[in-house]
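In what follows, a single structure is set out as structure tokens and then discussed.
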2 protein chains.
Amino acid sequence: MSGDSRAIGVFDSGIGGLTVYKALRDLLPREDFLYLGDTARLPYGTKSPETVGRYAVQAARLMMVEDIKLLVIACNTASALALSALQEQLPELPCIGVIEPGAKRTAEISATGRVAVLATESTVRSGAYAAAIARHRPEAKARMLACNLLVALAEEGWCEGAEAEAVIGRYLRLLEPGSFDTLVLGCTHFPLLIPTMRKLIAADIPIVDSAATTAAAVRDHLEGRGLLAERPGQGNSRFWVTDSPERFAKLAPRFLDSDFRLSVNLVDTRFERIPAGG
Amino acid sequence: MSGDSRAIGVFDSGIGGLTVYKALRDLLPREDFLYLGDTARLPYGTKSPETVGRYAVQAARLMMVEDIKLLVIACNTASALALSALQEQLPELPCIGVIEPGAKRTAEISATGRVAVLATESTVRSGAYAAAIARHRPEAKARMLACNLLVALAEEGWCEGAEAEAVIGRYLRLLEPGSFDTLVLGCTHFPLLIPTMRKLIAADIPIVDSAATTAAAVRDHLEGRGLLAERPGQGNSRFWVTDSPERFAKLAPRFLDSDFRLSVNLVDTRFERIPAGG
């Protein structure tokens, strides 16, 4: 067996990164995955760059003990705020965030270059999406909107119905109608709300969800370097959280679109304690 | 000047405790206050008892460096999960949480003993409200409902209007109509939503907000021990947060019902670093 059978690390502040994990697993079924949700310290969306950078580096170190071949930052806030800290402090670990692949796709498909990005407060404040889109399409105009309530809506599982429509509708009205031709979901929780969003925006406006674009970027990275796993069967997935594994296991099916109950282990980012058999 | 001029410490996971601080300051204007919001690690509402206990003890130690005379746990989740850890590990520090005063008031005013408590997920899971109400009124039946979206709604400032009514309405419908005669707000964010709640529940159902009841309990505690400050003028208030002081200062006026912009200092719970002049 050739190829690289080491696991792909997937890191998120909590559970939203499971939308990215799902896209990865669907595209790369032979890979092993190690998912770490930093649920003791979520959400990252309202925290400072210094704090998010420190948390991400602690988490990455913990996952490196398990010899991962690549780290996917499956969290927009951490991708916006922590990628440079990770690259500086852990240069030996290849990292792929969710912003760059989504921004590239957005730059490619937008008809006029005027796009709207829904994200958390910290991601908006970082300016990372607008900068990434502009790298691929300098004349593009990205309007960023902080939508913190959408995270709570997705976690509550109220993704459709009158409340979802009222809340999402209010955010969308804050964007001028007709001011954008592409809608970018700049938070990994938001794909759960796509069916309701589709009811509220024009049918010809594409919605860019960075989960699929990130999965494709990971495949390209591994394939280009001969690092894809080449085992005959399906890979395994392990799930670590820093707090409340029961809550994670209970909410996970909403994000994975399946009834399968995950086995989730508790880890401690401070002491790098790894659970037995974890 | 007699009395005890040391500050009253007020601790919360973030900003919601300002509703309790406001009630304290209004009732006890001569006191000094030191408020600590653990914004780097909020929200506590979805975290485990062990984690919340550890965070609360770290925060209390940090405030004790400033020689506070009493600590008010202005956070329902921390009151539910961390009060025993605080009393065990810091027996020299008197602590008053928000649950006991609210529960006592509820037990006193409920006509039938059937009450509904809206709270965060962790507070509900702890069972602390039901237990505290039952201590004062053993036959009482408290129905607990986790309402995580209401925190986000209050922080977004969407306290009135169609979205607030849709979201609050859905939670209230989850309680059987007619199944309670008193509504208890078991989260310090929720008092901001009282005007909308009032529109959605019967006029004869009282809403118990633990801010005012906690302030009265603090006054009774200090008065009974001769520990009230007896300075001639108004006391001072200082505000510490563990992350994003700008965000705290920006949101604070919503909770304090005033346009006054606070001066907020950043502290670090891990290293017990105190800001210069903080």
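Just so you know, these numbers use all the heavy atoms, side chains as well, and skip hydrogens, waters and symmetry mates. Just so we're on the same page: letters track the sequence lines, and every chain starts at 1.
- For chain A, no part of B/Glu246 is nearby; none of its heavy atoms comes within less than 4.5 Å.
- Interatomic distance, A/Leu153 CG to B/Asn148 CG, rounded to the nearest 0.5 Å: 12.0 Å.
- Contacts between A/Asp243 and chain B at a heavy-atom distance below 4.5 Å involve the side chain alone, from C-beta outward.
- For a residue to count as touching a neighbouring chain, one of its non-hydrogen atoms must lie under 4.5 Å from one of that chain's; by this rule B/Tyr171 touches chain A with backbone and side chain alike.
- A salt bridge links A/Glu163 to B/Arg173: one of the charged nitrogens lies within less than 4.0 Å of a carboxylate oxygen.
- With chain A as the partner, the residue from B/Thr39, B/Leu42, B/Val151 showing the most heavy-atom pairs under 4.5 Å is B/Leu42.
- Chain B forms more heavy-atom pairs under 4.5 Å with one residue of A/Ala164, A/Ser48, A/Gly161 than with any other, namely A/Ser48.
- To the nearest 0.5 Å, atoms OG (A/Ser244) and CZ (B/Arg125) are separated by 5.5 Å.
- No other option in A/Arg170, A/Glu156, A/Lys47 has as many heavy-atom pairs under 4.5 Å with chain B as A/Arg170.
- Chain A forms more heavy-atom pairs under 4.5 Å with one residue of B/Ala162, B/Ala152, B/Ser122, B/Gly169 than with any other, namely B/Ala152.
- Using a 4.5 Å cut-off between heavy atoms, A/Ala146 touches chain B through its backbone atoms (N, CA, C, O) alone.
- Counting all heavy atoms, side chain and backbone alike, A/Val167 lies closest to B/Val167 at CG2-CG2, 4.0 Å.
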